[in-house]
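This chain uses plain numbering: 1 for the first residue, then up along the sequence. For ligands, and for the atoms within them, numbers begin at 1 and follow the listed sequence. Quick caveat, the model's predicted, so the values are computed rather than measured.
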Amino acid sequence: MTANADSHPHAHSQGKLQLDSKDFQEFRDYLQTVAGIDLGHNKQYLVATRIRRILIDYKCERLGDLTRLIKNASNQDIRQKVIDAMTTNETFWFRDTYPYLYLQKSILPELAAKPGSSRIRFWSAACSSGQEPYSVSMIVEEFIRSTMGRSEIPAEIVATDLSSQILESAKQGAYDRLSIARGLSEQRLRDFFDHPAEDTWQVKAKVRQRVLFKPLNLQDSYLLLGKFDVVFCRNVLIYFSADLKRDILQRIHGTMKPGGYLFLGSSESLGAAADLFDMIHCSPGVVYKAK
Ligand SMILES: C[S@@+](CC[C@H](N)C(=O)[O-])C[C@H]1O[C@@H](n2cnc3c(N)ncnc32)[C@H](O)[C@@H]1O
């Protein structure tokens, strides 16, 4: 420890945490290895803000102490807490509208009309607190209702995320006033939510039942997931390097049924994986069809 006031043992509890650049580099490399997340340079402030609490809880005086702790295989809990703190879970209902409109108007009618069509399978590949897979499930529900039950198509939505903490809350399907205010119409709130407490709205069992939550790091194998008709991989590839992004998109392509549909975030593109998909304009927005 140096004589610098910022490296005083209690510096972080006084709101003065500063990260030494060697410690930052080591932490950054580690996060890239375990979670694929590329923090880039000059993100000391972001790291300091997000992991201040963990440093205090685990009595780490420096970021380097924490990196050493999480590198130790027996400290799974702390590692998960650090990953949870460093991932951005921003999400909301029916995000960007167009994927859900296209699903409703084009993809579901097409899949439901397929002769001998079996279960329709969706994958929400970085589902965060569940708004994305539940929005898909609501669209499926509305589709079934619009055909007056004639299309009681079985559908399954596999929802995965790296953060086990966020998955726990996603499984509950319970949201506060702030969350339900983001992207839900009053009609959908009435149709698809119970209101068990003053500040709690819970997705109805019928909508939840279709969604199967599982932890999955997008860097790991997808072999056990099976094949999908539609994949939502939205607002997560931005964290990864170009090489990792290409690798993930190639493996996602491997999970898709021929002609399956892929939605990326509205500001994301296929980059080096463009050869694997055809781009369809659904104005606004685009969807990618697996070749
Ligand atoms: C910004 S949210 C996107 C949520 C949703 N797809 C949407 O567009 O609204 C990004 C999510 O990616 C998850 N994530 C980050 N790195 C991941 C990885 N390596 N594997 C799986 N999920 C990851 C985070 O935990 C977070 O919940």
Lys204 and Asp194 ion-paired at < 4.0 Å:
yes
Anything under 30° is parallel, anything over 60° is perpendicular, the rest tilted; go ahead and classify Trp201 against His195.
parallel
Consider ring pair (Phe, Tyr, Trp, His ring centres under 6.0 Å). Of Tyr102, Tyr100, Tyr134, Phe94, which one does Phe232 pass it with?
Tyr100
Can you tell me how the ring of Tyr288 sits relative to the ring of Phe277, calling it parallel under 30°, perpendicular over 60° and tilted otherwise?
perpendicular
For ligand 1, what N or O to protein N or O distances fall under 3.5 Å?
from: ligand 1; atom 1: 6 (N); to: Ala126; atom 2: O; distance (Å): 2.8
from: ligand 1; atom 1: 6 (N); to: Glu132; atom 2: OE1; distance (Å): 3.0
from: ligand 1; atom 1: 6 (N); to: Arg234; atom 2: O; distance (Å): 2.9
from: ligand 1; atom 1: 8 (O); to: Arg95; atom 2: NH1; distance (Å): 3.3
from: ligand 1; atom 1: 8 (O); to: Arg234; atom 2: O; distance (Å): 3.3
from: ligand 1; atom 1: 8 (O); to: Asn235; atom 2: ND2; distance (Å): 2.7
from: ligand 1; atom 1: 9 (O); to: Thr91; atom 2: OG1; distance (Å): 2.5
from: ligand 1; atom 1: 9 (O); to: Arg95; atom 2: NH1; distance (Å): 2.8
from: ligand 1; atom 1: 19 (N); to: Ala35; atom 2: O; distance (Å): 2.8
from: ligand 1; atom 1: 19 (N); to: Asn217; atom 2: OD1; distance (Å): 3.1
from: ligand 1; atom 1: 20 (N); to: Leu218; atom 2: N; distance (Å): 2.9
from: ligand 1; atom 1: 22 (N); to: Leu162; atom 2: N; distance (Å): 3.3
from: ligand 1; atom 1: 25 (O); to: Asn89; atom 2: ND2; distance (Å): 3.4
from: ligand 1; atom 1: 25 (O); to: Asp161; atom 2: OD1; distance (Å): 2.6
from: ligand 1; atom 1: 27 (O); to: Asn89; atom 2: ND2; distance (Å): 2.8
from: ligand 1; atom 1: 27 (O); to: Asp161; atom 2: OD1; distance (Å): 3.4
from: ligand 1; atom 1: 27 (O); to: Asp161; atom 2: OD2; distance (Å): 2.7

For Ser128 and Asn89, work out which heavy atoms get closest and say how close.
OG-O, 2.6 Å
Quick one: list whatever passes salt bridge (Lys or Arg N to Asp or Glu O under 4.0 Å) with Glu168, sequence neighbours left out.
Lys171
